Amino acid sequence: MSDRELETEDLTLEGEVGMLQAVLDELGWERVVLIGGSAGGCTAIAFAARFPERVERLLLYGAYADGGSVAPAQVRAAIVGAVRSHWGLGSRMLADLFLGDAGRAEHERFARYQRAATSAETAAALLELTYRTDVRGQLERVQAPTLVVHRRSDRAIPYRLGRELAAAIPHAALVPLEGSAHLPWMGDADSVVRAARAVLDREPPQHAIVEEPPAVLLSRREREVLALVARGLSDREIAEQLVVSPHTVHRHVANIRNKLGRASRTAAVAEAARLGLL
């Protein structure tokens, strides 16, 4: 229902944040769980930094903080130039970036969808907005517990930019996923859904960056604690069985949740079962 052609004054970060604020105000939602994907992640970050009282939790998928870091300047210019001068070629090039290893039919279908959705000039202008947006100066002001979800082989937004987000935002956790598609509903969409559900959990994620498979990261003691958690034992019951303090057990459970990228004991057990750790 949006206008097909955008005005120059619409294509700013301020405009995006203002639009988000207007939508929430119209709906009467004072406090929300905010999800920002791709370039929308910058809008979500800026909104969370400016209105911390309105964001309960934040989920960033395939996001970045500095559009200039998405690709070298020559590559950015070439992509924008191709889109603006030859929308047929440009739409197919963007489909390759967004869909990754999807089949030819999916690529062609998405290229047609892009051409039907907008004009070459608007698509180029949106890309330019993506590349010039920079919210690095606002990352430390984000107070909401944040989950950063990023596919390791994302062709559109490099995985390293997701890592940098998680490292710079206080109270953030990074959940790396396998795959090359930038769009969350392509490839293994279920893994994206599981990660998104974690941010809705009442207990916020702890600051952690998962770089290795969880099976490698979990220590022998953590596996012992995980098995007892899966049996439904409390921290005190686990402490009595392992002859350690409840505080030690609590720390082990927090480490397990961090390494599995899950915000609660229940979610961590479910993820451990999926990974074959139980």
Side-chain angles (χ1 to χ4, degrees), residues 11-17 19-20 33-50 55 57-80 83 90 93-100 114 123-187 191-192 195-196 199 205 207-211 261:
L11 299 175
T12 65
L13 179 63
E14 290 296 320
E16 295 291 296
V17 172
M19 180 168 59
L20 174 57
V33 174
L34 194 57
I35 299 177
S38 193
C42 292
T43 304
I45 289 167
F47 186 89
R50 187 172 306 175
V55 181
R57 285 181 178 81
L58 182 63
L59 171 64
L60 301 172
Y61 169 82
Y64 61 93
D66 175 26
S69 299
V70 170
Q74 303 93 318
V75 174
R76 301 196 307 269
I79 293 174
V80 172
V83 167
M93 180 171 55
L94 292 180
D96 182 65
L97 287 174
F98 293 151
L99 303 190
Q114 291 179 99
L126 288 170
L127 278 172
E128 289 172 332
L129 173 63
T130 295
Y131 292 146
R132 69 171 176 264
T133 301
D134 186 349
V135 295
R136 287 175 294 178
Q138 303 184 52
L139 298 179
E140 292 186 352
R141 294 164 48 202
V142 175
Q143 299 179 19
T146 302
L147 197 66
V148 178
V149 180
H150 213 108
R151 284 173 169 155
R152 292 183 184 273
S153 301
D154 190 327
R155 292 181 183 174
I157 308 297
Y159 171 67
R160 61 178 174 79
L161 300 185
R163 291 182 56 201
E164 292 172 3
L165 270 183
I169 297 176
H171 314 297
L174 172 65
V175 178
L177 301 178
E178 299 305 320
S180 60
H182 181 58
L183 300 181
W185 55 86
M186 299 299 298
S191 65
V192 180
V199 85
H207 185 87
I209 295 180
V210 180
E211 285 295 343

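Index from 1, following the sequence. No experiment lies behind these values; they were computed from the predicted model shown.
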To check you understand the geometry: which heavy-atom pair defines the closest contact between Ala65 and Leu165, and what is its length? CB-CD2, 3.8 Å
Ile79 and Leu94, any side-chain heavy atoms less than 4.5 Å apart: yes
pair Phe47-Val142: side-chain heavy atoms closer than 4.5 Å: no
Has Arg76 got a side-chain atom pairing as donor or acceptor with Gly68's backbone, closer than 3.5 angstrom? yes
Hey, are His182 and Ser38 close enough side-chain-wise for a donor-acceptor pair under 3.5 Å? yes
Nearest 0.5 Å, please: how far is OG1 in Thr146 from CG in Leu139? 9.5 Å
Heavy-atom check, side chain of Tyr131 versus side chain of Val80, under 4.5 Å: yes
Drop me the distance from Asp134's CG to Ser69's OG, to the nearest 0.5 angstrom. 7.5 Å
Can you find a heavy atom in the side chain of Val149 that is under 4.5 Å from one in the side chain of Leu147? yes
Does the side chain of Tyr159 reach to within under 4.5 Å of the side chain of Pro176, using non-hydrogen atoms? yes
Could you tell me the separation between the CZ atom of Phe98 and the CG atom of Asp154, rounded to the nearest 0.5 Å? 9.5 Å
Testing the basics here: between Leu20 and Thr43, what is the closest heavy-atom pair and its distance to 0.1 Å? CD2-CG2, 4.2 Å
Salt bridge (charged side-chain N to carboxylate O under 4.0 Å, His left out) pairs touching residues 139-149, sequence neighbours excluded, are none
Taking the side chain as everything from C-beta on, heavy atoms only, tell me whether Val192 gets closer than 4.5 Å to Arg151. yes
Quick one: list whatever passes salt bridge (Lys or Arg N to Asp or Glu O under 4.0 Å) with Glu128, sequence neighbours left out. Arg84
How long is the span from the OH atom in Tyr61 to the CD1 atom in Ile35, to the nearest 0.5 Å? 12.5 Å
Counting distance only, does the side-chain N/O of Arg155 pair as donor-acceptor with the main-chain N or O of Leu99 below 3.5 Å? no
Whether Tyr64 side chain and Thr130 backbone form a donor-acceptor pair below 3.5 Å: yes
Return the CZ to NE2 distance between Arg160 and His150, rounded to the nearest 0.5 Å. 9.5 Å
Does any non-hydrogen side-chain atom of Arg50 lie less than 4.5 Å from one of Val17? yes
Heavy-atom closest pair (Ala156 atom, Val70 atom, distance to 0.1 Å) is O-CG1, 3.4 Å
Over all heavy atoms of both residues, which pair between Ser191 and Leu177 is shortest? Give the atoms and the distance, please. OG-CD1, 3.7 Å
Gap separating the OG1 atom of Thr133 from the CD atom of Glu16, nearest 0.5 angstrom: 8.0 Å
Looking at residues at least two apart in the chain, or sitting in another chain, which of them share a salt bridge (Lys or Arg N to Asp or Glu O under 4.0 Å) with Arg132? none
Can you name the closest pair of heavy atoms from Ser180 and Gly100 and give their distance? OG-CA, 3.5 Å
Closest approach of Leu58 to Ala44 (non-hydrogen atoms, all atoms of both residues): CD1-CB, 3.8 Å
